[in-house]
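Got a structure for you, written out below as structure tokens; questions coming shortly.
Naming convention: chains lettered A, B, ... in sequence-line order (proteins, then strands); numbering from 1 in each chain.
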Amino acid sequence: MISAPDDLIQLLTPEGQRVSNADFPLDITDDEIRSLYRDLFLVRRWDNEATALQRQGELALWAQCMGQEAAQIGAGRALAPQDMVFPSYREHGVAWTRGVDPVAILGLFRGTTNGGWDPRKHNFGLYTIVIGNQCLHAVGWAMAGMREGTNDAVLTCFGDGGSNQGDVAEAFSFAGIYNAPVVFLCQNNQYAISEPNTRQMRVPVFHKAKGFGFPGFRVDGNDVLAMLAVTRWALENARAGNGPALIEAFTYRIGAHTTSDDPTRYRDPEEVEYWKARDPLLRVKAYLDSVGTPQSFYDSLDAEAEELAQHIRAGARALVDPQPMDIFDHVYAEPHALVEEERAEMAAYIAQFGDLSARHGHGGH
Amino acid sequence: MISAPDDLIQLLTPEGQRVSNADFPLDITDDEIRSLYRDLFLVRRWDNEATALQRQGELALWAQCMGQEAAQIGAGRALAPQDMVFPSYREHGVAWTRGVDPVAILGLFRGTTNGGWDPRKHNFGLYTIVIGNQCLHAVGWAMAGMREGTNDAVLTCFGDGGSNQGDVAEAFSFAGIYNAPVVFLCQNNQYAISEPNTRQMRVPVFHKAKGFGFPGFRVDGNDVLAMLAVTRWALENARAGNGPALIEAFTYRIGAHTTSDDPTRYRDPEEVEYWKARDPLLRVKAYLDSVGTPQSFYDSLDAEAEELAQHIRAGARALVDPQPMDIFDHVYAEPHALVEEERAEMAAYIAQFGDLSARHGHGGH
Amino acid sequence: MATITMAKAINSGLRIALERDEKVVLMGEDIGKLGGVFRVTDGLQAQFGDMRVIDPPLAESGIMGTAIGMAMRGWRPVVEIQFDGFVYPAFDQIVSQLAKSHKRSAGATRLPIVVRIPYGGGIGAVEHHSESPEAYFAHTAGLRVMSPANPYDAFVMIQQAIACEDPVIFFEPKRRYWDKADFDDTVDVVADPAGVGSPFKARIAREGTDLTLVAYGPMVRTCLEVAEAAAEEGRSLEVVDLRSISPMDVDTLVASATKTGRMVVVHEASVFCGVGAEIAARVTEKCFWTMQAPVLRVGGMHAPYPPARVEHAFLPDLDRVLEAVDQAMDY
Amino acid sequence: MATITMAKAINSGLRIALERDEKVVLMGEDIGKLGGVFRVTDGLQAQFGDMRVIDPPLAESGIMGTAIGMAMRGWRPVVEIQFDGFVYPAFDQIVSQLAKSHKRSAGATRLPIVVRIPYGGGIGAVEHHSESPEAYFAHTAGLRVMSPANPYDAFVMIQQAIACEDPVIFFEPKRRYWDKADFDDTVDVVADPAGVGSPFKARIAREGTDLTLVAYGPMVRTCLEVAEAAAEEGRSLEVVDLRSISPMDVDTLVASATKTGRMVVVHEASVFCGVGAEIAARVTEKCFWTMQAPVLRVGGMHAPYPPARVEHAFLPDLDRVLEAVDQAMDY
Ligand SMILES: Cc1ncc(C[n+]2csc(CCOP(=O)(O)OP(=O)(O)O)c2C)c(N)n1
Ligand SMILES: Cc1ncc(C[n+]2csc(CCOP(=O)(O)OP(=O)(O)O)c2C)c(N)n1
Ligand SMILES: [Mg+2]
Ligand SMILES: [Mg+2]
């Protein structure tokens with residue numbers, strides 16, 4: 001839709017003016033806002049860098065998060081260290097706030113791994129490609145925590161399209177019934193690949209929460225302050241034992257669905273322009289400018305971004321290709337006769353030919 | 001819970017007094033109420049007869065609907081002939097209103113068939129055992145109707161436990177988005193086998209409708225008049241092109257889940273007594289008595305019930321066992337080489353031994 | 001006559017089916033304006049409207065379940081599952097309803113639904129986009145399972161699948177979407193079936209005398225290349241393109257095995273409990289005395305499909321198939 | 001030492017596992033106060049409370065998905081699927097997450113989940129309550145699949161399955177729940193594994209020299225009865241109880257086939273693309289020169305499981321197995 005809905009929770013207008021909301025007061029310094037801007041800015045750079053790497057053939061695919069950085073950074077920065085995250089596949093901003101190395105995430109898109117990091121090390125689950133699956137894992141994780149008496153909450157992300165999956169509804173059910181400390185974050189970027197909201201929902205997603213007995217909120221997903229405040233409230237509420245909440249972050253996917261996608265086939269360039277003007281970075285910059293942020297801040301951020309870009313470029317190219325014998329590792333945690341047999345066969349096969357394409361000089365098609 | 005909730009739509013009190021509801025006016029004669037009572041009474045008799053047949057070993061299983069007759073007859077009688085029904089496995093009352101022969105339904109529970117009737121002949125789908133599957137078929141049926149320009153609605157039934165299945169949520173999604181003429185009837189009989197409502201929902205089922213953008217109602221499911229009025233409204237609303245609705249019929253499963261179940265393991269006899277006192281038949285009888293229904297009405301109903309019982313008993317015993325060769329019929333609509341091969345093998349095998357247990361006098365275990 | 005890719009061939013077949021029978025509807029994520037992620041439905045929503053070419057909510061069980069409901073009312077939905085790895089949310093509706101409703105209703109309810117699944121690897125995709133789940137469906141009575149190997153067969157078989165009164169799981173070898181062939185893609189092969197055989201018969205893709213290679217879908221081309229390479233070494237390999245997995249054209253397999261006495265089955269799916277096992281078991285049973293070697297199998301490992309950068313080692317290729325051919329010849 | 005049914009044996013095994021490891025939780029519809037529809041979990045919620053023995057909302061994908069989440073945090077959920085036909089809503093979580101997470105995480109995430117599925121027919125049940133879907137899971141890399149055939153194995157194997165670091169699909173032959181055996185059902189076989197072998201090794205249930213019958217779960221008893229009947233006719237049949245389907249103890253199968261030269265595989269599941277195909281293909285490959293007859297298969301037809309009143313014709317029984325034995329011996 002070529003206009004933002006007017007029922008969104010907002011703490012920073014597109015023009016960069018702070019507004020207050022009685023339900024979600026946010027006590028935050030300008031330095032902290034600069035730190036949020038830093039995250040937004042660096043993630044944007046990462047995203048652009050990855051897109052470029054894909055164009056250069058270094059990645060097989062890239063799923064841009066451009067336009068959704070505020071939703072992701074706001075939510076991610078609301079997390080406590082002990083909180084766990086179960087992401088979908090576009091949560092680069094959340095990953096950033098959890099300290100996951102962007103290069104690790106690039107491995108997935110380069111095709112060197114289907115994972116890339118240890119979920120427990122960052123309290124950030126692996127990217128989940130099958131839409132909706134991760135929401136149930138979040139609830140299970142929370143159920144385990146309730147049994148251990150831990151004091152943490154879980155954040156799980158899904159999209160507007162994903163809100164239709166049975167798994168997501170079942171996750172709502174379980175979380176509601178068990179009063180599990182789970183915050184469901186739906187980034188409504190208005191598209192499920194080519195399908196607009198009109199094909200995916202009759203009423204906004206946040207209404208679903210009521211049917212499962214917990215609160216739902218509709219937030220300006222391009223407003224990092226609102227996202228921070230509402231997610232923080234929801235996580236604290238969850239940790240306090242008051243159960244789940246659903247946050248619909250209304251935002252926009254400025255880029256393509258992935259680098260394989262051609263959005264010109266299904267959406268209006270005017271619409272894209274409208275939302276580019278509401279870029280989540282712009283309003284924070286406007287605010288920061290209005291409070292007199294020195295140019296040196298931006299300069300050093302530029303330098304930092306440049307460094308990050310180099311790390312990403314070099315890191316992506318340095319990612320090590322998996323080897324044929326790796327196929328047999330970690331299929332099972334304990335030995336499995338068939339895997340061992342096939343492992344031995346492959347080893348013998350490789351030993352025989354020296355490498356996999358010795359006989360005919362190619363592996364065929 | 002040992003008390004009925006007080007937010008139920010009601011048109012006839014447990015004491016048999018008619019009350020009015022501005023949203024759901026019901027213009028009905030006493031003769032029509034007697035006709036509803038006749039349905040309730042005969043379905044109860046059928047249910048009891050089937051339970052007895054199971055005890056005698058004539059049925060492998062029976063799923064009683066005792067206590068839920070008002071919900072089912074009220075909803076069923078609201079249907080127009082052209083409306084379609086997609087039931088679960090306990091909808092004997094709805095089946096009755098569609099003219100399905102009780103004996104046909106007994107076939108499923110005797111084990112002579114997995115179906116038993118032609119859905120199109122009665123506009124009543126086959127019983128569906130996999131919880132929730134049928135709700136999507138209902139929406140698809142409605143989608144087809146919308147494309148044909150028909151003027152009918154679809155009723156689909158599920159339980160309180162079933163309300164958690166992903167398929168049910170997806171059916172809500174599709175129906176909402178397509179504005180499909182589907183009425184979702186959740187018979188909340190307070191148990192999913194042994195699991196009470198507290199294990200299946202955080203808030204009453206009817207709230208779910210809001211999250212999908214259509215109206216939801218909570219009706220006294222033991223009040224046949226309220227069920228008739230609300231379902232009629234919802235079906236008419238659907239036929240008028242206003243989309244789906246969800247009706248939660250709050251009722252009680254007086255009997256066991258099935259004849260295999262032992263409810264004494266999980267529920268309080270006092271609770272059962274409370275709900276027996278709120279038996280949906282009692283209040284209609286009280287009303288009919290209060291308006292001076294002659295004894296001859298009850299006498300002829302008794303006679304009719306006796307006749308039905310005989311039809312059921314004789315019919316159940318006369319149900320023909322399927323034969324081994326039947327296994328190969330209707331697996332496919334068109335010839336399938338493997339099925340034909342196996343059919344021929346079985347025929348040869350039977351021909352060889354005369355019957356299936358000739359060689360060792362038994363088929364083993 | 002035109003030079004046509006497999007993707008375009010299926011597109012043409014779908015268009016003809018939509019034109020022939022107004023009860024045909026297409027359903028699938030992004031098949032509308034986008035034309036599907038592989039553009040197989042390109043232009044069809046523009047031509048037939050969004051009541052015939054439906055891009056439904058993102059929920060595979062929902063898509064399958066509503067397709068079943070439509071079919072119950074006499075419609076012929078053609079469902080696109082975006083990628084192989086996303087068919088599992090619909091598995092329950094497929095196994096418990098799609099496969100069994102005709103039987104359950106004693107023939108009263110027909111579900112002539114086609115489930116199109118772009119499947120298999122070799123395109124450098126991320127996880128869940130390269131799987132070969134055909135064995136699950138082949139084992140499920142009530143379903144038909146087929147997979148075309150070339151553009152012409154894709155064009156013909158998609159039309160036949162839609163016309164078939166039974167549910168068909170139609171596996172499209174996505175790595176072959178851009179293979180090309182020359183033929184007339186405007187023929188309604190159902191209305192005018194002249195010269196078009198049954199989709200449930202296997203095809204001898206290449207004649208040979210020393211050994212039979214059996215494949216379907218993406219591996220047929222690989223096997224033809226193997227046969228070519230083997231010919232250079234003086235070996236005559238026959239290649240059978242199965243086309244239909246259920247029903248399986250055992251007669252053609254048996255005839256070929258009887259002729260050559262040796263057989264190697266090739267598929268991308270994991271070997272263990274894969275379709276190759278059935279072929280091996282059945283052919284061995286029928287040709288026990290004529291086989292000169294056991295039926296060997298080349299396929300994926302017993303491991304999840306690996307990341308793209310190593311998929312070449314998981315997928316059967318010329319060398320691995322030739323190795324098996326050597327082994328079989330050595331008996 | 002006590003006389004114990006298989007249902008009670010599993011109950012005892014579960015109790016011991018719950019006692020041994022406080023991270024073990026049971027999850028399943030109606031497993032609490034009711035003790036499950038087969039009473040396999042009888043008394044366990046009373047003993048361990050509803051935080052350890054959970055009767056969750058009616059949603060199999062939800063149960064499986066939350067079990068995975070718990071396992072990711074170090075718990076060991078044992079999930080009960082009420083009946084075979086109701087596992088399909090969970091199929092997506094099983095195939096895409098349960099089976100693949102360990103691999104995807106390069107070993108960082110272990111999912112030591114046991115999925116208990118009462119399976120198979122012969123109890124006169126309505127549709128969806130008598131299926132044998134084991135082939136779907138055996139074909140899925142990342143899962144282990146086992147099925148005990150007698151009370152003692154059920155007692156031992158359920159404990160071993162729970163202790164295993166991998167996901168295990170544990171098929172319980174429901175028609176054998178009331179079979180009895182005498183043994184001590186208080187032994188923690190994981191803490192004290194003396195004399196208890198690996199669950200992944202097959203068992204020679206009866207020695208013989210003329211032909212090998214291979215079975216698992218419910219069909220082992222049937223095969224033992226067949227062997228008994230055959231003995232009366234002067235035939236010596238060996239019976240192999242597979243116990244584990246994935247991994248499959250091919251060595252034991254090969255040793256037996258080498259000894260007898262003849263093999264018949266028996267399972268309730270449809271023959272086409274069933275587990276028997278894998279056994280036939282693999283044994284034939286390894287014993288090509290020693291087999292005196294092709295490996296024959298006896299199983300369900302390629303048809304949906306029929307109504308109870310005719311299930312006896314669908315299920316392999318003495319006569320059908322003996323017929324196959326005759327056939328194999330006639331080669
Ligand atoms: C179960 C499943 N079905 C289909 C897909 C293919 N697919 C990948 S992303 C996508 C659209 C997702 O839209 P949305 O949930 O709005 O998330 P977004 O990509 O916009 O962040 C689809 C259909 C998938 N990954 N999983
Ligand atoms: C998918 C699925 N899971 C489990 C079952 C087994 N089962 C049959 S009835 C039932 C409880 C259903 O409860 P509810 O939905 O409240 O309906 P009710 O039986 O009370 O009418 C269960 C778990 C099933 N039939 N289908
Ligand atoms: Mg989206
Ligand atoms: Mg109920």
- Query: Given a strict heavy-atom distance threshold of 4.5 Å, which part of C:E228 is in contact with chain A: side chain, backbone, both, or neither?
  - Reply: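 No part of C:E228 comes within 4.5 Å of chain A.
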- Item | CA sep, side-chain torsions, deciding dist, call: A:R199, C:D50, side chain to side chain contact (heavy atoms under 4.5 Å, CB included) | CA-CA 11 Å; A:R199 293 233 192 270; C:D50 66 1; 3.4 Å; yes
Distance-only check: which donor-acceptor pairs under 3.5 Å involve side-chain atoms of residues 25-37 of chain C, not counting sequence neighbours?
unit_1 : atom_1 : unit_2 : atom_2 : d
C:D30  : OD1    : A:S194 : N      : 2.8
C:D30  : OD1    : A:S194 : OG     : 2.7
C:D30  : OD2    : C:Q82  : NE2    : 2.9

- Which pair of heavy atoms, one from C:G124 and one from A:A60, lies closest together, and at what distance? O-CB, 3.5 Å
- Query: Highest number of heavy-atom pairs under 4.5 Å with chain A: which of C:H302, C:H129, C:H128, C:R309?
  - Reply: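 The residue among C:H302, C:H129, C:H128, C:R309 with the greatest pair count is C:R309.
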- At a heavy-atom separation under 4.5 Å, does A:R110 approach chain C through its side chain, its backbone, both, or neither?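 Its backbone and side chain both get close to chain C.
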- Spatial distance of atom CD1 (A:I129) from atom CZ (C:F83) [nearest 0.5 Å]: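 CZ of C:F83 is found 10.5 Å from CD1 of A:I129.
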- chain C interface, residue from A:R267, A:R343, A:R265 that has the most non-hydrogen pairs under 4.5 Å: A:R265
- Region of A:H336 in contact with chain C, defined by heavy-atom distances below 4.5 Å: side chain
- Which of the residues A:D261, A:L338, A:D167, A:L108 is involved in the greatest number of heavy-atom pairs with chain C at under 4.5 angstrom? A:L338
- Interchain contact, A:D262 with chain C, by part (heavy-atom threshold 4.5 Å): both
- Item | Under 4.5 Å from any heavy atom of chain C - which part of A:E345 |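 No part of A:E345 comes within 4.5 Å of chain C.
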- Message: Please give me the minimum heavy-atom distance between C:R320 and A:Y349, naming the atom from each residue.
- Response: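 Looking at all heavy atoms of both residues, the closest pair is N-OH, 3.2 Å.
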- Item | Under 4.5 Å from any heavy atom of chain C - which part of A:L61 |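 Only the side chain of A:L61 comes within 4.5 Å of chain C.
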- Query: Between A:E342 and chain C, which part of the residue has a heavy atom less than 4.5 Å away: side chain, backbone, both or neither?
  - Reply: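 Contact with chain C involves the side chain of A:E342 alone.
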- Query: Heavy-atom distance under 4.5 Å to chain C: side chain of A:V339, backbone, both or neither?
  - Reply: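 Answer is side chain: those atoms of A:V339 sit under 4.5 Å from chain C.
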- Query: So which part of A:Y89 gets closer than 4.5 Å to some heavy atom of chain C, the side chain, the backbone, both or neither?
  - Reply: neither
- chain A contact via C:E311 - which portion, at a heavy-atom distance below 4.5 Å: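 Interface part for C:E311: neither.
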- Item | Contact origin within C:Y305 toward chain A - heavy atom pairs under 4.5 Å | backbone
- Task: Answer with side chain, backbone, both or neither: which region of A:I193 has an atom nearer than 4.5 Å to a non-hydrogen atom of chain C?
- Result: both
- Query: Would a distance-only check, ignoring hydrogens and angles, find a side-chain to backbone donor-acceptor pair under 3.5 Å from A:Q200 to C:L58?
  - Reply: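 Yes, A:Q200 side chain to C:L58 backbone: donor-acceptor pair under 3.5 Å.
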- Task: Tell me, for C:F86 versus chain A, whether the close heavy atoms (under 4.5 Å) come from the side chain, the backbone, both or neither.
- Result: side chain
- Looking at A:I131, A:V331, A:N164, A:N114, which has the largest count of heavy-atom pairs under 4.5 Å with chain C? A:N114
- Message: Is A:Y127 in contact with chain C via its backbone, its side chain, both, or neither, using a 4.5 Å heavy-atom distance?
- Response: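 For A:Y127, neither part sits under 4.5 Å from chain C.
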- Message: Below 4.5 Å, heavy-atom pairs only: which of C:G122, C:G85, C:P307 has the largest tally toward chain A?
- Response: C:P307
- Message: Tell me which of these, C:V310, C:D55, C:V126, has more heavy-atom pairs under 4.5 Å with chain A than the rest.
- Response: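 Counting heavy-atom pairs under 4.5 Å, the top option is C:D55.
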